[in-house]
Amino acid sequence: MSHHPPNDAIPASHDSSPLFADSAHRTFFRLICAGQVGLMAVTWPLWFGGSDVPTISLLPDFGLPLLVDSLLSGLLIAGCLTLVCCQTISPARMKLLTVGLLILAAVLAGLSTARLQPWHWLLMLLLLPLSLCHGRSLLGVHRVAVASIYLFAALSRFDPQLPADGGMSSSILRALLGMIDLEHVLRDPGTSRLLIVAQSGVELLAGVCLLVPRCRRGGVLLAVMIHTSLLVALGPWALGHSWGVLLWNAVLLCSVPLLFLTTKQTRAATDGGLWTGRVVCLTGLLLLIPASALTGGADNWLGWQVYSPRPDRVWLSVAESQRKQLPLSLQPFVGEPQPLSDRCTVRLDRWVNAHTGAPLYPEDRYQLSLVAALTSTLDDGAFQIGISTPQSPRWWQRRERRLTSRSELEQALAEFWLTPAIRH
């Protein structure tokens with residue numbers, strides 16, 4: 001029986017219809033905002049400083065004081081908490097607030113590329129249509145935004161030459177099967193490849209089902225199974241991933257049923273053909289950006305390439321005689337040289353994760369800038385850099401490069417049309 005929820009839906013005192021289609025849709029958005037606050041808390045060095053990890057920016061270095069940067073992060077948290085807690089804000093003020101938060105979120109990501117985590121990107125994608133649509137139109141756009149996560153995450157793992165023991169997918173499978181004493185089935189390369197393909201196939205099917213009204217319940221069930229298994233495999237009792245990764249999966253686990261199992265429909269939830277053009281444009285944008293990421297047009301995480309072998313990879317090794325020139329906090333993540341070699345491998349991914357609570361941003365532009373900042377005090381030729389990038393359009397084939405001098409590193413950085421800056 002249809003009714004207007006007295007407390008959950010935002011009163012339409014200044015608009016002809018509420019912004020959200022129903023109370024479940026409103027709760028979904030509250031959960032996303034609450035998740036943003038929680039994820040900023042567990043990755044606080046990204047937002048409030050206190051880490052030796054250099055800040056790589058897409059904006060020029062204006063010499064912005066850390067206090068101002070932290071204030072902007074605090075304003076984003078305050079705005080998200082307002083959207084979570086306040087039930088009396090009018091739709092007009094809600095739209096004004098979401099526009100402000102969208103701009104603030106974009107500026108913060110521009111000031112530090114590492115902040116453009118998948119969950120921060122999702123918040124931005126959900127804020128954008130909220131400033132342009134309402135009711136069932138907004139619900140439809142939000143559904144496309146979330147369903148695209150599963151679609152393009154699965155597509156980014158497509159590999160005709162799939163290795164039987166490579167990538168994060170294999171690690172997750174090994175962790176799950178090990179809990180039930182079936183890890184031995186992965187010893188057979190054929191079985192291992194089949195299970196990895198099935199894993200991506202389930203995620204692709206979940207994304208498709210979430211977009212098809214008659215199949216949405218099945219899509220929700222698959223999504224819940226995916227995130228439950230990821231929480232088990234990535235938790236402290238198995239692979240021991242960071243709290244940010246676990247919280248991201250927990251937020252999606254709870255938000256997908258709220259967004260896609262909506263059954264209530266209010267008369268105010270229909271907004272007619274006035275919004276059709278905007279909905280089409282927004283939907284196209286939500287699909288075009290991750291599609292372009294498959295061919296290198298957008299950054300990997302903007303295309304939901306999470307747990308994917310496709311993203312760029314950069315390796316750094318330094319001469320043993322120069323390792324003490326690296327930051328003190330990085331020293332525990334520098335390995336010992338191999339026999340008959342004086343080169344020590346530097347685990348940038350583990351260092352960044354340990355000191356920010358967030359994974360290393362999977363883009364060669366960012367990682368090379370990070371390496372440039374770390375090696376600025378080393379002698380020229382005292383380091384080597386390996387770069388592995390996907391080719392375009394056959395992204396499952398990779399191109400390998402090796403840099404052995406500072407001039408080569410500077411030349412590689414100059415090749416990017418979007419030149420990153422190191423903030424001090």
Side-chain angles (χ1 to χ4, degrees), residues 43 45-46 49-61 109-117 296 299-302 305 308-338 341-391 398-424:
T43 59
L46 284 180
S51 170
D52 290 336
V53 178
T55 300
I56 311 301
S57 173
L58 293 179
L59 300 176
D61 185 9
L111 290 172
S112 177
T113 304
R115 293 169 177 164
L116 201 52
Q117 300 286 313
D299 283 5
N300 295 293
W301 273 352
L302 305 191
Q305 294 175 24
S308 170
R310 185 197 176 281
D312 310 304
R313 295 190 290 270
V314 172
W315 293 273
L316 171 65
S317 63
V318 300
E320 186 178 15
S321 60
Q322 296 281 303
R323 64 184 297 176
K324 297 301 182 182
Q325 300 296 322
L326 296 171
L328 185 62
S329 64
L330 183 55
Q331 297 296 324
F333 303 92
V334 180
E336 296 298 326
Q338 295 294 322
S341 172
D342 67 340
R343 297 286 175 177
C344 304
T345 300
V346 182
R347 291 303 304 267
L348 295 175
D349 54 342
R350 294 183 180 178
W351 176 57
V352 170
N353 188 272
H355 286 271
T356 66
L360 178 68
Y361 193 75
E363 203 68 36
D364 54 354
R365 178 190 69 247
Y366 172 84
Q367 294 180 25
L368 284 176
S369 299
L370 189 63
V371 168
L374 294 173
T375 59
S376 61
T377 59
L378 302 184
D379 295 339
D380 196 16
F383 57 88
Q384 290 185 357
I385 304 167
I387 310 171
S388 176
T389 56
Q391 297 185 16
R398 306 188 70 84
R399 182 167 66 102
E400 309 291 336
R401 298 175 62 188
R402 187 172 295 275
L403 310 178
T404 57
S405 67
R406 185 162 288 107
S407 60
E408 291 179 344
L409 174 57
E410 293 174 352
Q411 183 179 358
L413 286 171
E415 295 174 0
F416 298 107
W417 67 271
L418 194 60
T419 306
I422 301 172
R423 289 179 57 205
H424 302 284

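Along the sequence shown, residues are numbered consecutively beginning with 1. Predicted, not measured: the structure shown is a model, and the values here were computed from it.
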Would you mind reporting whether [Y] and [X] have side-chain heavy atoms less than 4.5 Å apart?
{"X": "L360", "Y": "R350", "value": "no"}
{"X": "P362", "Y": "Q305", "value": "no"}
{"X": "D379", "Y": "Q322", "value": "yes"}
{"X": "P45", "Y": "V53", "value": "no"}
{"X": "R402", "Y": "E408", "value": "no"}
{"X": "S112", "Y": "T55", "value": "yes"}
{"X": "V318", "Y": "L374", "value": "no"}
{"X": "R365", "Y": "L58", "value": "yes"}

- Query: Passes side-chain contact (heavy atoms from CB on, under 4.5 Å), Q384 versus R343? Steps please.
  - Reply: CA-CA 9 Å; Q384 290 185 357; R343 297 286 175 177; 4.0 Å; yes
- Message: One thing to verify: whether R323 and E336 come together as a salt bridge, which I'm taking to mean a side-chain N less than 4.0 angstrom from a carboxylate O.
- Response: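 Looking at E336 and R323, the cut-off is met.
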- Item | Short N-O contact, E363 and R310, less than 4.0 angstrom | no
Between [Y] and [X], do the side chains contain a donor N or O and an acceptor N or O under 3.5 Å apart?
{"X": "Q325", "Y": "T377", "result": "no"}
{"X": "Q391", "Y": "R399", "result": "no"}
{"X": "T345", "Y": "W315", "result": "no"}
{"X": "D312", "Y": "Q367", "result": "no"}

Does any N or O in the side chain of [X] come within less than 3.5 Å of the main-chain N or O of [Y], such that one atom is a donor and the other an acceptor?
{"X": "R401", "Y": "T389", "result": "no"}
{"X": "R313", "Y": "P309", "result": "yes"}
{"X": "Q331", "Y": "L326", "result": "yes"}
{"X": "S57", "Y": "G110", "result": "yes"}
{"X": "R398", "Y": "S388", "result": "yes"}

- Decide side-chain contact (heavy atoms from CB on, under 4.5 Å) for I385 and T375; before the verdict, give the C-alpha distance in whole Å, the side-chain angles of both, and the deciding distance to 0.1 Å. CA-CA 11 Å; I385 304 167; T375 59; 5.7 Å; no
- Task: List the steps and the verdict of side-chain contact (heavy atoms from CB on, under 4.5 Å) for I56 and Y361.
- Result: CA-CA 10 Å; I56 311 301; Y361 193 75; over 6 Å; no
- Task: I would like to know whether L116 and L302 meet side-chain contact (heavy atoms from CB on, under 4.5 Å); could you show each step before the answer?
- Result: CA-CA 8 Å; L116 201 52; L302 305 191; 3.6 Å; yes
Could you give the distance from [atom1] ([X]) to [atom2] ([Y]), rounded to the nearest 0.5 Å?
{"X": "H355", "Y": "S51", "atom1": "NE2", "atom2": "OG", "result": "6.5 Å"}
{"X": "T356", "Y": "R115", "atom1": "OG1", "atom2": "CZ", "result": "11.5 Å"}
{"X": "S329", "Y": "W351", "atom1": "OG", "atom2": "CH2", "result": "5.0 Å"}

- Note on the structure: Tightest non-hydrogen contact, residues T113 and Y366, listed as CB-CD1, 3.9 Å
